[in-house]
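For reference, the structure discussed in these notes is given below.
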There are 2 protein chains.
Amino acid sequence: MAESNELRKAGLKVTLPRVKIMQILESSEPRHMSAEDVYKTLIDAGEDVGLATVYRVLTQFEAAGLVIRHNFDGGHAVFELDDGEHHDHIVCVDTGEVFEFFDEKIEKRQKKIAEDMGFELVDHSLVLYVKQK
Amino acid sequence: MAESNELRKAGLKVTLPRVKIMQILESSEPRHMSAEDVYKTLIDAGEDVGLATVYRVLTQFEAAGLVIRHNFDGGHAVFELDDGEHHDHIVCVDTGEVFEFFDEKIEKRQKKIAEDMGFELVDHSLVLYVKQK
DNA sequence: CTAATTGCAAAAGCTTTGCAGCGCA
DNA sequence: TGCGCTGCAAAGCTTTTGCAATTAG
């Protein structure tokens with residue numbers, strides 16, 4: 001199975017919690033889940049995994065570059081699978097829904113701004129908060 | 001004094017903690033402070049104000065539109081005086097320093113992206129994480 | 001005078017950590 | 001077998017809240 005290889009490649013033992021969590025992230029809709037969301041999904045599926053393990057696994061996945069952690073407003077982090085395609089986010093303040101977008105012009109402009117100030121851009125976080133018209 | 005008027009205008013009683021906190025925010029360098037930063041500054045100045053009060057006052061200031069709360073990475077919120085001029089932020093991952101910038105092109109592009117998706121842009125958060133070259 | 005405000009301490013919410021036992025390789 | 005991993009419970013951190021005492025208007 002695909003998950004096993006990704007885990008091994010990351011130097012992580014192939015354990016049930018890790019495989020299950022990876023599967024949940026791969027098949028989840030919406031794609032952005034909090035640790036609590038993952039934990040609940042696991043419990044609902046009858047898996048006996050602790051919340052601490054979910055946090056540990058997600059943190060390991062992040063370190064391994066398998067997932068990305070976002071700190072949107074609201075106190076809790078959300079995670080999404082890193083598919084290698086960078087994108088930014090749109091959060092609807094009415095429904096909480098999260099959408100993704102990518103805009104070449106904004107990306108380039110950000111790079112230029114950082115460089116004009118004598119820095120190297122290593123990362124960025126752009127979130128548009130919107131509401132329905 | 002200027003602070004008193006701003007407070008009265010916001011419908012808040014002019015109390016010592018509020019005036020002191022407002023003064024700290026007005027004169028602070030760097031401009032971005034956490035609740036803890038404000039609290040420490042107060043204590044160092046010999047003021048007997050509780051941390052809970054700092055949080056309450058900052059939250060009231062935010063509701064009144066006097067300050068803006070940011071949730072940069074790192075678990076704790078930072079506050080800055082709202083001078084009416086919108087700007088985004090650059091955070092140096094080496095030093096933790098915070099810089100401000102404003103880019104008309106990015107602003108316009110964001111608005112267009114939200115509208116193209118049928119939404120109304122109500123707010124946005126853009127942070128560039130950079131390092132020294 | 002009276003409602004708003006404050007300090008303290010306790011509680012809350014998210015996340016991390018210590019530890020003994022379990023399980024993958 | 002041996003070290004990594006897990007579950008549980010406890011601890012950590014930032015932030016919020018309850019409450020009695022204090023204070024602004």
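Every chain is numbered from 1 and lettered A, B, ... according to where its sequence line falls, protein lines coming before strand lines.
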- Query: For B:M22 and C:dT5, what is the distance between atoms CE and C1' respectively, to the nearest whole Å?
  - Reply: 16 Å

- Message: Among A:I21, A:L81, A:V57, exactly one meets side-chain contact (heavy atoms from CB on, under 4.5 Å) together with A:V67. Which residue is that?
- Response: A:L81

- Query: With a 4.0 Å cut-off, would you call B:E100 and B:R31 a salt bridge?
  - Reply: yes

- Task: Check the pair B:H86 / B:H124 against ring-ring contact (aromatic ring centres under 6.0 Å, His included), numbers first and verdict last.
- Result: CA-CA 10 Å; B:H86 164 72; B:H124 74 258; 4.7 Å; yes

- Quick one: A:K20 NZ to C:dC24 P, roughly how many Å, whole number? 13 Å

- Note on the structure: With sugar-phosphate taken as primed atoms, P, OP1 and OP2 and all else as base, the protein-contact string of nucleotides 3-8 of chain D at under 4.0 Å (heavy atoms; B, S, -) is BSSSBB

- Nearest whole angstrom, please: distance from the P of C:dT6 to the CG of B:L42. 11 Å

- Task: Please name the pair of heavy atoms, one in A:I43 and one in A:E47, separated by the smallest distance, quoted to 0.1 Å.
- Result: CD1-O, 3.6 Å

- Item | Salt-bridge contact B:D116-B:K112 (side-chain N to carboxylate O under 4.0 Å) | yes

- D:dT15 P sits how many Å from A:N71 CG, rounded? 12 Å

- Given atom CD of A:E36 and atom P of C:dT16, what is their separation to the nearest angstrom? 14 Å

- Using only side-chain N and O atoms of A:Y55, determine if any of them is under 4.0 Å from OP1 or OP2 of C:dT15. yes

- So, for A:V38 and A:I24, which heavy atoms are closest and what is the spacing to 0.1 Å? O-CD1, 4.2 Å

- Item | Value in whole Å for how far the P atom of D:dT23 lies from CG of B:L7 | 18 Å

